[in-house]
**Q** 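Could you have a look at this structure, given as structure tokens, before my questions?
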Amino acid sequence: MTLCQPAIFFTRFVVVLTIFLALVVNSAGAFVGQPPSNADGISIKNMIDSQESAEASLSEAAYFDESNVPHDDFGRGQPRSTIAGYLKAMRAGDLALATHYLDYRNLSAATLNVGQEELARQLGVVLNRTVWIDLNSISTLKEGRINDNLPPYRELIAQVEYRGNQVDILLQRIPRAEDKVQIWKVSNATVEKIPRLFKRYSYSPLGEFLAKNSPTVDLFGVMLWQWIYLTMMLLMYFIIAKILTWVAAFSVKRVYKKVSEEVLTFIKEPFALLITVIFARNFHEEANVTVALKAVAEGSTLLIIAWCWIFFSFIDLMKTLLAKKFIAQDKPLAVYLLRPAGTVIKIIAFTVAVLNWLENLGFNASTLLAGLGIGGLAIALAAQKTVENIIGAITLYTSAPIRIGNFCRFGNSLGVVEEIGLRATRIRTLDRSVIYVANAKFIDMDIENYSEREKIAFKPKIFLVPNTPKENIDALLAGIRAMLDATESLDKIPLRTHFKAYTIYGLELDILAYVNTTDFDVYLDEINQLNLNILALLNEHNCKVQVALDRVVE
């Protein structure tokens, strides 16, 4: 059974709508404006603040204070500076330094065989993959936190999930080897568990290779090798997305033969980036994801960029399609309105995207928005005239009393409209000078648009001397009418030739005809010949033209 045309259209619409909704649902988190959703609620802002705390914790002022924290070359006199020192050593890739923060006493032979530096590295991997340590929550006292239900020589740093149980990451206060001064290190009980935890939370083989062979550089807590790995994955997904969008564009071209190239470009380019990001968010390899990388991903930076590109491209596509439609409907002025309208919509969309992005990163965009509201009010008051002119431009575009290229009279001036801008209308006068008239003022003027005439009037002013005989006037009027009737370029209705009135200037003749043209140069050529014909008829019928100066002199 063959489907009817409405059923086919409905089926295609449902398929397209389903695909679009799936893309929206898969990326809805980018625009909710909520804090990060990972287990620890870590955001980019949290990581920046934590790194600043780490730097402060390593300064001498952090532990040489009233608490009598013992001096130590590695800053191990208190729990916070111990963890801060270890984290800083790991970020710098100095495994030899990191070993000074772990207690290797009384370990099993199997654990010792792993190697001290490797154990320090493996602990860093486990922490990177499971928790983000808030240094502000760790004690700065030399005795550690009091009343935490732990022995006084131990300090809880974090807990790591392992096979359904929570494994404590502990510091332990031990005597320093050289002088027996009490310092803090990662407890040997925790070090003993590192190999098992690492087996659960180790990177993939590719991740391990990149981690061991890449420079120890990080950005927002994410190591360089992870950025390299993420870039490789994005490139692979982009190739797949490109293939999918090209196939989609080809299918649309086969189904809709008359589809424009702009629509096909819209499918092949911005949608490719969106699909790439969605693939990366849903099909990433979990083994190489760290807490810091999750926090960066929660910012949804690429996803917001992809949606902004799609939205901006859609606006440009609509502008192109509407421009073609308006031109086909003989509404060229509406085309000029599309550009400023599209720009305003893009600015609004961009502002919303930036505010949501800041919220995703952990910054309080509400405060910024309030500031923008107050600043916006001040700007609106200062830019009142500008707003009036923009509204005037919209009025000129929509009501269209004039168009670009029209010859018009406005006030006491004549000229050709060259541009209708957002602030002012530019008009070229007959003297070839340029006048800029503010749109708000221009729309309140009496505008006479000569270019809107469908034909141009021929109204010569002829005054005969008072002593002209009646027979001559009758013959002249009959000759002029016959001449006008015989001229093909003139409209036949109305066509007037009358003796109108007695005036101080002489006997006034009323002659009216319309030249069927809107081209002023053609009009001048036509009336040139008409005036010569009338001059010949005046001479033929002995009718003398009264000159106003002669009458005044008399």
Side-chain angles (χ1 to χ4, degrees), residues 330 399-417 427-432 435 442-554:
D330 194 25
S399 61
I402 56 170
R403 300 182 181 184
I404 294 176
N406 284 173
F407 178 69
C408 64
R409 179 192 297 276
F410 56 99
N412 297 322
S413 302
L414 288 168
V416 177
V417 179
I427 300 174
R428 180 79 63 177
T429 67
L430 297 179
D431 295 330
R432 308 312 297 162
I435 297 177
F442 190 73
I443 59 175
D444 291 332
M445 288 184 173
D446 292 330
I447 302 173
E448 185 177 0
N449 193 340
Y450 294 108
S451 297
E452 292 293 324
R453 298 178 296 191
E454 77 282 5
K455 50 191 176 183
I456 305 177
F458 171 63
K459 297 187 296 182
K461 290 185 178 295
I462 300 177
F463 296 91
L464 302 179
V465 295
N467 59 358
T468 305
K470 170 183 176 300
E471 296 77 11
N472 292 7
I473 295 177
D474 286 338
L476 174 65
L477 292 175
I480 292 177
R481 184 171 187 87
M483 183 269 296
L484 295 178
D485 278 331
T487 305
E488 295 182 357
S489 61
L490 298 182
D491 199 351
K492 303 308 177 184
I493 299 175
L495 197 63
R496 299 173 186 167
T497 54
H498 299 90
F499 172 28
K500 182 178 180 181
Y502 298 94
T503 71
I504 61 173
Y505 303 107
L507 307 179
E508 181 181 0
L509 302 184
D510 178 21
I511 300 173
L512 174 65
Y514 285 92
V515 182
N516 286 320
T517 184
T518 58
D519 189 324
F520 197 69
D521 290 332
V522 173
Y523 167 76
L524 291 178
D525 291 338
E526 292 293 335
I527 65 171
N528 177 72
Q529 187 60 45
L530 291 174
N531 285 325
L532 291 175
N533 292 340
I534 291 175
L535 180 61
L537 290 172
L538 287 169
N539 294 329
E540 178 182 347
H541 297 289
N542 234 357
C543 293
K544 184 179 179 183
V545 175
Q546 173 69 58
V547 179
L549 181 61
D550 296 340
R551 182 66 178 173
V552 171
V553 171
E554 292 176 1

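From a predicted model like this one, the values you see are computed outputs, not experimental measurements. Residue numbers start at 1 and run along the sequence shown.
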**Q** Say you draw a straight line from OG1 of Thr487 to CG of Leu495; how long is it, rounded to the nearest 0.5 Å?
**A**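 Nearest 0.5 Å value for the OG1-CG distance: 9.0 Å.
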**Q** List in chain and number order the residues that pass side-chain contact (heavy atoms from CB on, under 4.5 Å) with Arg428, two or more places apart in sequence or in another chain; answer none if no residue qualifies.
**A**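 If we apply the side-chain contact (heavy atoms from CB on, under 4.5 Å) test to Arg428, skipping adjacent residues, the hits are Glu418, Arg432, Val434.
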**Q** Determine whether Leu414 and Phe407 make a side-chain contact, defined as any pair of heavy atoms from C-beta on separated by less than 4.5 Å.
**A**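 In short, these two side chains touch, coming nearer than 4.5 Å.
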**Q** Taking side-chain contact (heavy atoms from CB on, under 4.5 Å) as the definition, give me every residue that meets it alongside Asp525, ordered by chain and number, with sequence neighbours left out.
**A**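 Expected list: none.
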**Q** Would you compute the distance between atom OG1 of Thr468 and atom CZ of Phe499 and round it to the nearest 0.5 angstrom?
**A**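 These two atoms lie 9.0 Å from each other.
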**Q** Applying salt bridge (charged side-chain N to carboxylate O under 4.0 Å, His left out), name anything that partners Lys459, two or more places apart in sequence or on another chain.
**A**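 So Lys459 forms no salt bridge (charged side-chain N to carboxylate O under 4.0 Å, His left out) with any residue.
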**Q** Can you list the steps and then say if Leu477 with His498 is a side chain to side chain contact (heavy atoms under 4.5 Å, CB included)?
**A** CA-CA 7 Å; Leu477 292 175; His498 299 90; 5.6 Å; no
**Q** List the residues meeting side chain to side chain donor-acceptor pair (under 3.5 Å) with Ser489, not counting sequence neighbours, and say none if there are none.
**A**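 Counting only residues at least two positions away or on another chain, Ser489 forms a side chain to side chain donor-acceptor pair (under 3.5 Å) with Glu526.
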**Q** Just by modelled atom types, is the Arg409 backbone N or O under 3.5 Å from a matching donor or acceptor in the Ser413 side chain?
**A**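 No, the answer is negative, given that no donor and acceptor are paired below the 3.5 Å cut-off.
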**Q** Please tell me if the side chains of Leu512 and Phe458 come closer than 4.5 Å, counting only heavy atoms from C-beta onward.
**A**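 Counting from C-beta outward, Leu512 and Phe458 never come under 4.5 Å.
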**Q** Please tell me whether Tyr502 and Tyr505 form a close aromatic pair, meaning their ring centres lie under 6.0 Å apart.
**A**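 Distance test on ring centres: not under 6.0 Å, no.
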**Q** Under the salt bridge (charged side-chain N to carboxylate O under 4.0 Å, His left out) test, which residues partner Asp474, sequence neighbours left out?
**A**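 Salt bridge (charged side-chain N to carboxylate O under 4.0 Å, His left out) check on Asp474 returns Lys470.
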**Q** Could you go through Asn516 and Leu490, starting from their C-alpha distance and side-chain angles, then the distance that decides it, and tell me whether this counts as side chain to side chain contact (heavy atoms under 4.5 Å, CB included)?
**A** CA-CA 6 Å; Asn516 286 320; Leu490 298 182; 5.8 Å; no
**Q** So Gln546 and Val465, side chain to side chain contact (heavy atoms under 4.5 Å, CB included) or not? Walk me through it.
**A** CA-CA 5 Å; Gln546 173 69 58; Val465 295; 3.6 Å; yes
**Q** How about Met483 and Ile534: do any of their side-chain heavy atoms sit closer than 4.5 Å?
**A**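 The answer is yes; the side chains approach within 4.5 Å.
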**Q** How would you list, by chain and number, every residue that makes a side chain to side chain donor-acceptor pair (under 3.5 Å) with Asn533, sequence neighbours excluded?
**A**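 Checked Asn533 against side chain to side chain donor-acceptor pair (under 3.5 Å); matches are Gln529.
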**Q** With a 4.5 Å cut-off on side-chain heavy atoms, are Thr497 and Leu509 touching?
**A**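 They are not in side-chain contact.
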**Q** For a quick test of your reading: what N or O donor-acceptor pairs under 3.5 Å do the side chains of residues 535-543 make, sequence neighbours left out?
**A**
unit_1: Asn539; atom_1: ND2; unit_2: Leu535; atom_2: O; d: 3.3

**Q** Please name all residues satisfying ring-ring contact (aromatic ring centres under 6.0 Å, His included) with Tyr523, sequence neighbours left out, ordered by chain then number.
**A**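 Tyr523 satisfies ring-ring contact (aromatic ring centres under 6.0 Å, His included) with Phe520 only.
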**Q** Taking side-chain contact (heavy atoms from CB on, under 4.5 Å) as the criterion, tell me which of Leu532, Leu530, Leu524, Asn531 meets it with Asn528.
**A**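 Of all the options given, the one that passes is Leu532.
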**Q** Apply side chain to side chain donor-acceptor pair (under 3.5 Å) to Lys500 and list each qualifying residue two or more places apart in sequence or on a separate chain.
**A**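 Here no residue qualifies.
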**Q** Taking atom CG of Leu464 and atom CG of Asn472, what is their separation to the nearest 0.5 Å?
**A**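 The CG atom of Leu464 sits 9.5 Å away from the CG atom of Asn472.
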**Q** Go through Asn406 and Val416 one step at a time and tell me if the side chain to side chain contact (heavy atoms under 4.5 Å, CB included) criterion holds.
**A** CA-CA 5 Å; Asn406 284 173; Val416 177; over 6 Å; no
**Q** Just to verify, what does Arg481 make a side chain to side chain donor-acceptor pair (under 3.5 Å) with, not counting sequence neighbours?
**A**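 By the side chain to side chain donor-acceptor pair (under 3.5 Å) rule, Arg481 matches no residue at all.
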**Q** Check ring-ring contact (aromatic ring centres under 6.0 Å, His included) between Phe410 and all other residues, then give those that pass, not counting sequence neighbours.
**A**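 Phe442.
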